[in-house]
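In the text below, chain A, chain B and the rest are named by the order of the sequence lines, each starting its count at 1.
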There are 2 protein chains.
Amino acid sequence: MTINSQDRLPSVDQKVNNIPLTANSMRVACSQCNLRELCLAVGLDDNDLHKLDDLVVKRKLKRGQQLYRAGDAFEAIYAIRTGFFKTDILTEEGLEQVTGFQMAGEILGMDGISNDRHVCNATALEDSEVCIMPYDELEELSRSIKSLQQQFHKFMSREIVRDQSLMILLGSMRAEERIAAFLLNLSQRMRLRGYSASEFHLRMTREEIGSYLGLKLETVSRAFSKFHDEGLIGVQQKYIRILNADGLKALLNHAPN
Amino acid sequence: MTINSQDRLPSVDQKVNNIPLTANSMRVACSQCNLRELCLAVGLDDNDLHKLDDLVVKRKLKRGQQLYRAGDAFEAIYAIRTGFFKTDILTEEGLEQVTGFQMAGEILGMDGISNDRHVCNATALEDSEVCIMPYDELEELSRSIKSLQQQFHKFMSREIVRDQSLMILLGSMRAEERIAAFLLNLSQRMRLRGYSASEFHLRMTREEIGSYLGLKLETVSRAFSKFHDEGLIGVQQKYIRILNADGLKALLNHAPN
DNA sequence: CAAAATCGTTGATGACGATCAATTCGCAAG
DNA sequence: CTTGCGAATTGATCGTCATCAACGATTTTG
């Protein structure tokens with residue numbers, strides 16, 4: 001959680017959005033990205049896709065590196081090409097609160113638009129690659145490309161809806177329901193990306209899951225063990241198998257409160 | 001909570017965005033609105049302001065009327081001119097979960113952009129007036145007016161940030177901290193609008209506050225009573241006076257967990 | 001490979017807030 | 001004025017999850 005100067009790339013030579021164009025940050029073509037159906041590029045024709053290409057730059061991050069930090073000047077939003085991230089906020093008392101986990105095709109950084117500064121930290125939980133989209137250029141381009149504008153607005157709105165689902169989870173579900181919902185959500189997002197929905201590696205710790213769900217790590221661990229005993233899931237540390245998805249879903253419905 | 005057919009305006013004559021242009025829904029000038037510094041119109045010059053005027057229509061709602069419902073087709077976003085609203089979602093089990101309280105100058109409806117349908121209900125908690133901004137026209141106009149585009153993006157981003165603050169509240173604060181934070185937030189927003197920050201009427205019930213904060217109504221009531229006994233606030237039903245704002249703030253800081 | 005550190009599991013106990021219940025208050029309608 | 005109803009308050013009890021603590025497993029580091 002301490003700030004490591006290595007997390008930041010040195011400032012040299014040619015730069016795009018303050019990131020040097022070196023081996024780990026280079027031009028990339030949206031037109032050839034296999035995520036373009038998940039990403040901002042949805043629905044763009046070839047011509048427009050090339051315009052988007054012109055403003056996108058790639059950057060690689062090692063596990064543990066931060067993409068941006070709370071307080072950083074807001075310059076760009078980021079589309080995840082590969083890898084896995086968490087976003088978190090340090091509360092007044094210095095406690096970390098995780099606000100989300102993001103995977104390929106999802107957009108990071110939109111929280112920064114409101115005040116020209118990021119309000120949360122974004123950290124790679126595994127080696128990852130993002131597309132940097134300088135915000136002022138994106139704004140300009142989206143004034144001339146209607147479907148880009150629409151897509152961008154949909155992404156922002158989706159973030160709002162996502163946050164509200166989490167509010168409901170935090171405000172009305174009990175511990176085991178939250179965990180079940182969390183696992184099902186992850187599973188669903190894996191499926192959407194063509195990965196197995198029934199087995200995957202968690203990239204985050206129990207503590208991070210707990211922080212995200214408003215629970216303590218012990219509670220998360222206990223719920224995993226209980227689900228395991230009931231044959232709902234298989235658990236081996238971070239390797240999870242969903243054995244009975246319907247059983248998990250059943251936990252969500254008849255909430256006692 | 002039941003759906004009352006009176007809530008919907010009848011369909012007659014000339015209509016804008018499916019709302020008839022009658023006494024309670026008429027044209028209005030952003031250029032002369034005293035909220036324009038809070039609203040989407042921030043930073044527009046006179047010329048652009050008039051273009052915005054052309055697409056905005058006003059609508060009045062009585063207390064208890066719904067502006068839109070979950071599942072409704074998304075057609076417009078709404079700026080509150082006067083009054084007070086709540087947004088809520090009905091969970092699977094039929095429980096109401098309040099997702100926000102909105103007052104003059106705030107924007108409603110942005111959740112609908114992502115799927116072309118609203119995901120929550122918006123209900124007037126007192127007689128209110130909103131500006132209807134048809135979304136496709138707003139999108140088009142914001143392609144030609146840069147500062148409108150920027151302002152709109154900031155509003156969406158602000159909504160994301162707001163939701164995340166609430167996630168932190170729900171995920172990490174105890175009951176009394178939540179209530180204190182809630183009162184201070186309301187107070188702050190009243191001040192911003194030129195009202196007294198130290199005394200105001202709550203427009204929502206204890207149950208709605210509880211739903212918003214992830215608490216039961218009894219817990220809300222008890223916290224109010226306790227704060228009252230400690231001289232932090234004055235409480236007479238829905239009439240609240242903030243007697244010791246610093247005392248309330250102090251509750252937020254040294255959180256035991 | 002050993003040592004250290006991080007992460008995860010499990011048990012025992014207790015606190016916070018939910019739940020159940022009774023009463024009071026305020027307001028609208030008859 | 002009375003009646004009725006929703007909203008709010010207050011008390012008593014209970015359940016869920018946090019906390020404290022010990023141990024085990026896994027990964028990292030020198």
Which residues satisfy the ring pair (Phe, Tyr, Trp, His ring centres under 6.0 Å) test with B/Y212, sequence neighbours excluded?
B/F101
For a quick check under 3.5 Å, do A/E96 and A/S211 share a side-chain donor-acceptor pair by atom type?
no
Indicate the atoms forming the closest heavy-atom contact of B/A104 with B/L38, along with that distance.
O-CD1, 4.1 Å
Rounding to an integer number of Å, can you tell me how far A/E218 CD sits from C/dA12 C1'?
13 Å
Grab the CG-P distance between B/L217 and D/dG6 for me, whole Å please.
14 Å
Residue pair A/R69 / A/H118, side-chain heavy-atom distance below 4.5 Å
no
So for atom CD, which belongs to A/E207, do other residues, nucleotides or ligands contribute more than 12 heavy atoms lying within a distance under 6.0 Å?
no
Of all heavy-atom pairs linking A/A197 and A/S187, the shortest is O-OG, 2.6 Å
Using atom names, set out every protein N or O paired with an N or O of nucleotides 12-17 of chain D below 3.5 Å, distance rounded to 0.1 Å.
residue: D/dA12; atom: N6; partner: B/R222; partner atom: NH2; Å: 3.3
residue: D/dC17; atom: OP1; partner: A/A175; partner atom: N; Å: 2.6

Whole angstrom value for the distance that separates P of D/dA18 from CG of A/L213
11 Å
Parallel, tilted or perpendicular for A/Y78 and A/Y68, by the 30°/60° rule?
parallel
B/F224 CZ to D/dT9 P: how many Å, rounded?
8 Å
I'd like to check the side-chain contact (heavy atoms from CB on, under 4.5 Å) partners of A/Y195; sequence neighbours left out, ordered by chain and number.
A/M190, A/R193
Only counting residues at least two apart or in another chain, list the ones meeting side-chain contact (heavy atoms from CB on, under 4.5 Å) with A/A124.
A/L61, A/F85, A/S128
Nearest-Å distance, CD (A/E96) to P (C/dC7)?
11 Å
Heavy-atom side-chain proximity of B/I179 to B/L251 below 4.5 angstrom
no
Does the side chain of B/S225 get closer than 4.0 angstrom to OP1 or OP2 of D/dT10 through an N or O atom?
yes
Specify the residues of residues 198-211 of chain B, ordered by number, for which at least one heavy atom lies under 4.0 angstrom from an atom of DNA chain C.
none
How many whole angstroms separate atom CD of B/E177 from atom C1' of C/dC16?
12 Å
Between N or O atoms, less than 3.5 Å apart, protein on one side and nucleotides 23-30 of chain D on the other: list the pairs.
residue: D/dT28; atom: OP1; partner: A/R63; partner atom: NH2; Å: 3.4

I'd like to check B/L67 versus B/R59 (side-chain heavy atoms, cut-off strictly below 4.5 Å). Are they in contact?
yes
